[in-house]
Student: 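Below are the structure tokens for one structure; questions will follow.
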Amino acid sequence: MSTENRILSAVAANVSPSPTLAVDSKAKALKAAGEDVCGFGSGEPDFDTPEFIKEACAKALAEGQTKYIPAAGLPALREALASKYVSENGITGLEPVNVVVSPGGKYSCFLAIQATCGPGDEVIIPAPYWVSYPEMAKLAGAEPKVIFAGDEQGFKITAGQLREAITDRSRMLILNSPSNPTGAIYDREEMEAIMEVVLEHGLYVMSDEIYEYLLYDDVTHHSPASFSAEAADKVITVAGFSKTYSMTGWRLGTLVASAPVAKAVASIQSQTTSNATTFAQYGALAALERSDDAMAAVAEMLTHFDRRRLFLLDSLNAIDGVSCPRAQGAFYLFPNVSSFGIGTDDLADRLLDDHKVAVVPGSGFGAEGYIRLSYATSDEVIEKGVARFQEFCANL
Ligand SMILES: Cc1ncc(COP(=O)(O)O)c(C=O)c1O
């Protein structure tokens with residue numbers, strides 16, 4: 001064991017840093033040094049938080065909402081979230097006790113896994129996956145078990161693949177629809193087939209629905225917890241305010257689960273972070289209470305995302321050797337660049353160093369041969385960046 005490993009816990013020695021944040025930091029450092037970088041790395045909307053949400057937060061701050069509140073969240077916000085999940089997502093029988101507000105969707109995922117998985121358990125993770133899932137499974141002492149679904153199957157696992165992957169040690173399946181990094185969305189039939197296998201084997205599901213409102217081409221989002229009472233008992237639905245309302249820096253996540261799981265999650269949170277920032281939760285409450293205004297802001301953001309998505313999709317597919325599926329959710333495209341025959345870590349490094357274009361290599365998403373481009377950036381950056389990428393590919 002190296003000296004470094006000896007000074008760390010086994011868990012810390014085993015965890016990797018986030019590759020998406022690493023690309024973003026490198027691109028930001030180059031920009032700060034005066035370089036003209038076209039960044040496709042960032043996973044955050046390039047719009048400001050809607051004004052009325054900021055005002056509600058500022059009002060709470062001015063009124064002295066600066067103290068501890070219950071660890072599981074502001075009671076009114078938990079109540080509003082329970083109502084939202086009943087009326088919009090169709091999950092029945094929810095009460096505020098089923099809801100936890102956390103410091104970020106990322107922490108909600110961490111808590112969901114911590115509360116239900118441990119040493120000896122396997123967490124089934126469909127790849128391409130969001131970079132943090134395998135690391136979070138490892139942080140809980142569990143073992144990630146990856147099932148791969150490439151572009152030829154729309155980046156979606158089948159019920160048959162899931163059945164084959166299940167062992168005596170399987171404990172949880174992670175679903176993420178719409179997906180980061182692929183933008184893929186499971187339709188109802190596909191998800192029901194998966195849930196049938198899940199329930200047959202008594203697995204938990206962590207359904208990460210953080211991109212639930214970022215949909216294109218008239219597709220519909222489905223929450224697996226809404227399929228039956230049995231499903232509601234086994235599915236832990238995680239989400240947050242970051243992506244929908246451009247609130248990435250606010251650090252507010254949500255979690256909805258059966259009462260015993262939600263209670264355990266709240267206990268872990270109470271012993272680790274306590275409540276998410278009090279006055280920030282008032283801003284989130286305004287987003288739910290004034291849902292018409294919030295959805296108008298989301299619709300406006302979506303018109304920009306959709307235009308950029310289609311432009312980037314066409315531009316990428318026009319490049320010899322690049323093949324990009326039509327993603328219908330989130331704000332990412334995940335083209336296949338395997339025909340160039342070079343590793344995507346290397347490709348992304350060269351693209352950033354020589355052409356000042358930041359993309360995230362597929363390796364971090366468990367999908368070598370692909371790269372992720374976020375179109376949550378301006379039209380100008382997209383046009384300039386894709387032209388540089390085209391030039392780069394022509395010289396490969
Ligand atoms: C799939 C997915 N889940 C969860 C998160 C966490 O978001 P946040 O912690 O900002 O709420 C992200 C952010 O990139 C994500 O892409």
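Counting starts at 1 for both ligands and their atoms, in listed order.
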Student: Give the contacting part of Tyr211 toward ligand 1: side chain, backbone, both or neither, where contact means a heavy-atom distance below 4.0 Å.
Tutor: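 For Tyr211, the contact with ligand 1 is made by the side chain alone.
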Student: Identify the closest protein heavy atom to atom 2 (C) of ligand 1: which residue and atom is it, and at what distance?
Tutor: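 Result for atom 2 (C) of ligand 1: Asp208 OD2, 3.4 Å.
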Student: How about Glu200: does its CD atom have over 12 heavy atoms from other parts shown lying under 6.0 Å from it?
Tutor: yes
Student: Within a distance under 4.0 Å of any heavy atom of Gly104, pick out the atoms of ligand 1 and give their elements.
Tutor: 9 (O), 11 (O)
Student: Using the rule given for side-chain hydrogen bond (donor to acceptor under 3.5 Å, both in side chains), can you reason through Ser363 versus Asp345, listing the C-alpha separation, both sets of side-chain angles and the distance that settles it, and then say yes or no?
Tutor: CA-CA 7 Å; Ser363 52; Asp345 285 355; 2.5 Å; yes
Student: Looking only at protein heavy atoms, which one is nearest to atom 7 (O) of ligand 1, and how far off is it?
Tutor: Ile210 CD1, 3.4 Å
Student: Any atom of ligand 1 sitting under 4.0 Å from a heavy atom of Arg251?
Tutor: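 Flag set, Arg251 near ligand 1.
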Student: Could you tell me whether a side-chain N or O of Glu135 sits under 3.5 Å from a main-chain N or O of Ser16, the two making a donor and an acceptor?
Tutor: yes
Student: Below 4.0 angstrom, N of the basic side chain to O of the carboxylate: do Asp353 and Arg350 qualify?
Tutor: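 Looking at Asp353 and Arg350, the cut-off is not met.
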Student: I'd like to know if Val359 and Phe340 are part of one continuous hydrophobic network [Ile/Leu/Val/Met/Phe/Trp/Tyr, side-chain heavy atoms within less than 4.5 Å].
Tutor: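 Same cluster.
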Student: When you measure from atom 15 (C) of ligand 1 to every protein heavy atom, which one gives the shortest distance, and what is it?
Tutor: Trp130 CE2, 3.5 Å
Student: To the nearest 0.5 Å, what is the distance between CD1 (Ile124) and OG1 (Thr167)?
Tutor: 7.0 Å
Student: Hey, which atoms in ligand 1 end up nearer than 4.0 Å to a heavy atom of Ser242?
Tutor: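 Per the distance check, 8 (P), 10 (O), 11 (O).
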Student: Counting heavy atoms only, which part of Tyr133 comes closer than 4.0 Å to ligand 1: side chain, backbone, both or neither?
Tutor: side chain
Student: Which protein non-hydrogen atom lies closest to atom 13 (C) of ligand 1, naming both residue and atom, and how far is it?
Tutor: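 Among all protein heavy atoms, the one nearest atom 13 (C) of ligand 1 is Lys243 NZ, 2.8 Å.
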Student: For His221 versus Ser177, what's the shortest heavy-atom pair and its separation?
Tutor: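 Answer, listing the atom of His221 first, then Ser177: CE1-O, 3.3 Å.
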Student: Can you tell whether the side chains of Lys156 and Glu190 come within less than 4.0 Å, N to carboxylate O?
Tutor: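 Salt bridge present between Lys156 and Glu190.
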Student: Which atoms of ligand 1 have any heavy atom of Asn180 under 4.0 Å away?
Tutor: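 Matching atoms, with element in brackets: 1 (C), 15 (C), 16 (O).
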Student: Just distances here: any N/O of Asn176 and N/O of ligand 1 closer than 3.5 Å?
Tutor: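 Between Asn176 and ligand 1, no N or O pair is found under 3.5 Å apart.
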Student: Which residue owns the protein heavy atom closest to atom 6 (C) of ligand 1, what's the atom, and how far is it?
Tutor: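 Ranking protein heavy atoms by distance from atom 6 (C) of ligand 1, first comes Lys106 N, 3.4 Å.
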Student: How far is atom 11 (O) of ligand 1 from the closest protein heavy atom, and which atom is that?
Tutor: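 The answer is Gly105 N, 2.7 Å.
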Student: Would you mind checking if Lys384 and Asp36 are paired as a salt bridge, meaning a charged N to carboxylate O distance below 4.0 Å?
Tutor: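 Yes, charged N to carboxylate O under 4.0 Å.
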